[in-house]
Structures are given as structure tokens and as C-alpha cells.
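All remarks here apply to the structure that follows.
Chain identifiers are assigned alphabetically (A, B, ...) following the order of the sequence lines, protein sequences preceding nucleic acid strands; residue numbering begins at 1 within each chain. Since the model is a prediction, treat every value here as computed from it, not as a measurement.
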There are 2 protein chains.
Amino acid sequence: MSPRRRAARPRTDDTATASGGGADEDGAGGEGLKPTASRRRKASGGRRYAGRSAAERQAEQRQRFLAAGRVLFADSGFRATSVRALCREAGLIDRYFYRNFADTQALLAALYTAEMDTVEARILAVFNAAEAGAPQERIEPAMDTFFAAFEDRRFARICWLEVLGVGPDIDALYLERQNRFARLLETVGRQLRPEWPLDAQETQITTLALVGAISQSALHWYLTDYAAPRRVLVSTNLRLIRGALAALEG
Amino acid sequence: MSPRRRAARPRTDDTATASGGGADEDGAGGEGLKPTASRRRKASGGRRYAGRSAAERQAEQRQRFLAAGRVLFADSGFRATSVRALCREAGLIDRYFYRNFADTQALLAALYTAEMDTVEARILAVFNAAEAGAPQERIEPAMDTFFAAFEDRRFARICWLEVLGVGPDIDALYLERQNRFARLLETVGRQLRPEWPLDAQETQITTLALVGAISQSALHWYLTDYAAPRRVLVSTNLRLIRGALAALEG
DNA sequence: ACCATGTGATGACGACTGTCCTCACTTTAC
DNA sequence: GTAAAGTGAGGACAGTCGTCATCACATGGT
């Protein structure tokens, strides 16, 4: 049915989560201990080259492809981005693309996951930093952090426009992300309204709808080139959440 | 930049609105008056063939391509749908595709417009049918009509997944549609709250966010294969709107 | 110094794309 | 009946795609 082949291939890793992970191979801090550099290598993957281990080189390749995808997917669109273009942008050759990703969809999936991990971490950090305050005041900086992140055009384009309609696997990623935000909203809601009157189904639909409200207004904000100041977006969506909470008992 | 050429071409119409338009050429009702069939033809486009006028034939071609696009865009995805596949599905040859559409994007745009026109008309009809009732009760069947339409998987897939990320022109179509739904919501809101406290900017963001809430819950409904009964979707979104109205003064 | 391994450039392959052209055939208008 | 217009099938074109293979060079361990 689909014109893309999915033959058996050397098995790339493909499902990495974030990009911020520190290199935990030979992670013994210092840099100067090079004399006994021939540990037990040759059995653990490739050898060193240009001063970096095989894992370090591959990680750098991966990061360069992610950066290239961030630029090209956002500026030219995912559909119009080819492996060749990605390699040109990354300054690498196709062999290393295939070493790191099965195809451009896999790169898009990894990029989406990394971007969303970053933003989610920022939001949670802000949310938890205001731990002392009432939930009412903790959610406002979190919302502001989200819209601040959305001011990055490439983030907005990739994570809210380009990921949709690509394929069922990426649809699943998107769906799962929306659910994560929805669960965060549910946590906040239950703190504010301990007597939570909704069943599981209604809870999920309600929180997901609110996530959709935030998403849609953010998307419209992006598509209208960020007319309207950010604080209006934040306050409007906060009012929507307050209203939803107030209407819980109704 | 873009690999698709956009050369000058015989100028197709491209921007038709709905598909329901009646053929207004020679529209003199009856069918039996064929004797003097040689009116002033030959100057008004093509001649008759297989019993139908040139305009009739072209309209039927257009409709067949729209139907083919509906099937293939939804089942295989827009990206994986080629002109050849559309022609095979429509039972026509490519010459007639190019007569009717500039490219597959134009077909997608026309299809999206036609589908949304149909659903919008249905919603407005239901809304206006309950003219007697209070706005509170008029909006509920309208919402139910929307979710009923969304139960058509192809409609959901095409109008909420495939249209996104295709290109700036289709993004603009999508944006305009969301705005139309938002304005409808604003109309309802102003009827329910004559003392409308929001300025234009806040009004647009709020109504668009609500449209996004409805869209997102509908999309999630589709992606989870329509678990949850329809009435739960309807009632949950109605509660959200009630809550937003209640929070207006806040 | 030697040789295995890593790297970059380049090109080739088969498949598919949009688009156009040609040829045989059918139907219409006169 | 004849010429013109409409139709369908199919092929040819120049591109681009993903993917792999080849070859010269750089760097590493020993």
C-alpha cells in the first residue's frame, strides 16, 4: 500500500528520548587521562577517530541531523525535505544518516520527542519552582513558559503543524504528548477541586479539550505572526481553565 | 526552493466553493426540448458528447476526482497520493485532472472546502431549525451535528489531519475555517451575554480556543477509534462553553 | 611502517513522480 | 459522408527520490 519500503536494516536505535543525556561511556570526569587509552576497546564498537570515540562521533552526527531537520522541516516542510538535503544541511553524508535513523520519519519522530521533552521539562521546572504558592498562581508561570516556547517559530511549525498527517506512528506520538499535558492539567485540577466530580472518561475529554484550546490559540497566534501580546494569550487561556473548573459541578 | 514547479498553465478555475451548485448553463428546466439543439453553441465552449454538455462533463469529472481524493487522501494520506493513483481511482485520465486542478494540492483545497461547506451548512440548518428555543438549547443539537459528522472517518482524517502542514495556502484555508466557527460561537455568546465584556482581541482568542477545544476532543475521539459515546463528547464541550461564559466577567 | 578502520566525494541503480505527446477510436455537427 | 472535436490507452521526457557501491584519502592501533 505505502510506496515506502521498510526492509530489514542494520537496526538503528531510533527511539531515543531526549538529546540532553550526558555521554555515560567512559564518563570518568577528567580529560587528561589519555596514556592508557587502549582499555578494552575493539570489542566495544568502533575505535577512536579525530580524538573522539565512536559513540561520541555518532552522538554528534545524530545531533547535527536533528539540528538540520529542525531547520529544514520547519522552513521547507517535512514533505519537501529529502535525505540529500538533510545531509547537505548537516554537512554529513548519507551513510551517517542511515546509521542514525531509519528514514526521515524516524528523524522527525526523534526531533519531535526531543523538542517536546525540552519544553515539558521547562514547564515542569517553572511549575515546581513556585511550589510554595497556591495552585492558582503556580499554573500561570507554567502557561507563560509554554507560550514563550511557542514564540520559537520552528518549534511551533514542527511540533504543531508538520507532525500531523505524516503517518500513524507519529500520530501516536502526538496523541501521547497531548495526553501528558492533559494529565498535568488533571493534577492541577484535582489540587484545586479535591472533590472531583467527573469520571475517568469525562476527565480525559475535558482536560484534552483544554489542551486543545491552548494548542489552537497558540497555533492561531503563530499563523497570525504573533499579533496580540503573549500575556493576552496567557490570561485568556487561564480564564478558560478557571471557567472549566467553575463549571465542574454544573 | 520548492521542488514542485509552478509554471504557467491553461488556468484552471481552482477556487470553487461547494459542490452542490446547480449547472446554470442552459438551465431552462425541462429536458424534452431537443429538436433545435443547435442553439448558439460552438462559441460557448465545447460541444455535446455522450449526451452531456461540455460543462456537465467537466463537472462530473471534477466530482469524480473529488470522490477519488476523498478516498485516497484519507486512506493512503495526501503525501502518498499521486496524480496517477487519483486518475486510476476516478476512472479518468490525467488530461482531465489537469483540466480541473492545478495539482494535488488544489484538489485537496477544493475537497476541504467542499467538505467543510457541507458540514457547516448542516450545522447552521440544525441551529436555525431550533430558532424558537433559547440559545442554550439551540447550540446543543448544533454541537451534536458536528460530532455526528466527525464520525465519518474520512472527513475527520482529511479535514483535521491531512490538511495541516501541506502548504501555506491550505494553512490559510484552515485558519479561515476556524475563524468562521469562532465567529459562530461569538454570535451565540453575544446572544447569551448581551453585555459582552471582552475586546475584539480577547474575543477572537477566546472563541478560537473554544473551537480548538472542540476540535481537539474530536480529533482525540477519532484517533482513539471513537471510544466514548458521542453524547459524552457533546455534553463535555457544552460544559466547557458554559464555563467560559460564566468566567467572562472574572 | 603497516594495515584495518573511518571518512568524504561521487556516481549509479531502479522506482516513482508530474507532465506532455502521440495514436487509434468514438461521437458530434454540418 | 466528412471533418472536427472528444476520448482512452500508453509511452516518453526529465527530475527526484532512497539506497547502495566504489574509490581515494585520513587517522588509528600496534
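Straight-line distance from the CZ atom of A:Arg79 to the P atom of C:dC16: 19 Å, rounded to whole Å. If you take CD of A:Glu56 and P of C:dT7, they are 12 Å apart, rounded to a whole angstrom. Rounded to whole angstrom, the span from the CG atom of B:Leu86 across to the P atom of C:dC16 amounts to 16 Å. Rounded to an integer number of Å, the gap from CZ of B:Arg99 to P of C:dC20 is 12 Å. Between A:Tyr98 atom OH and D:dT19 atom P the separation is 4 Å, expressed in whole Å. Going from atom CD of B:Glu60 over to atom C1' of D:dT7 covers 13 Å, rounded to whole Å. Taking atom CD on B:Gln58 and atom P on D:dA5, their separation rounds to 17 Å, with Å as the unit. Rounding to whole angstrom units, CZ of residue B:Arg88 and P of C:dC16 are separated by 11 Å.
Sorted by first and then second residue, the ring-ring contact (aromatic ring centres under 6.0 Å, His included) pairs involving residues 67-95 of chain A (not counting sequence neighbours) are A:Phe73-A:Phe78. Pairs engaging residues 85-94 of chain B under the salt bridge (charged side-chain N to carboxylate O under 4.0 Å, His left out) rule: none recorded [sequence neighbours left out].
The residue among A:Arg84 and A:Ile93 whose nearest nucleotide of DNA chain C is located toward the 5' end is A:Ile93. Each of B:Asp94 and B:Arg57 lies near DNA chain D, and the nucleotide nearest B:Arg57 is the one positioned closer to the 5' end. Of the two residues contacting DNA chain C, namely A:Leu92 and B:Thr104, the nearest-nucleotide position lying further toward the 5' end is that of A:Leu92.
OP1 or OP2 of C:dT17 has at least one side-chain nitrogen or oxygen of B:Ser82 nearer than 4.0 Å. Residue B:Tyr96 has a polar side-chain atom (N or O) positioned under 4.0 Å from OP1 or OP2 of D:dT7.
Side chain of B:Arg95, nearest nucleotide from C:dT19, D:dA9, D:dT19: D:dA9.
Minimum heavy-atom separation, B:Gln178 to B:Ser215: NE2-OG, 4.0 Å.
A salt bridge does not link B:Asp152 with B:Arg157: none of the charged nitrogens is closer than 4.0 Å to a carboxylate oxygen. Using a 4.0 Å cut-off between charged nitrogen and carboxylate oxygen, B:Arg154 and B:Glu115 do not count as a salt-bridge pair.
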Could you write out each protein N or O paired with an N or O of nucleotides 24-28 of chain D at a distance under 3.5 Å?
from   : atom 1 : to      : atom 2 : distance (Å)
D:dA26 : N3     : A:Tyr49 : OH     : 3.3
D:dT27 : O4'    : A:Tyr49 : OH     : 3.3
D:dT27 : O2     : A:Arg47 : NH2    : 3.0
D:dG28 : OP1    : A:Ala50 : N      : 3.1
D:dG28 : OP1    : A:Gly51 : N      : 3.4

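Atom CZ of A:Phe155 is separated from atom CG of A:Leu111 by 10.5 Å, given to the nearest 0.5 angstrom.
Not less than 6.0 angstrom separates the ring centroid of B:Phe146 from the ring centroid of B:Trp221.
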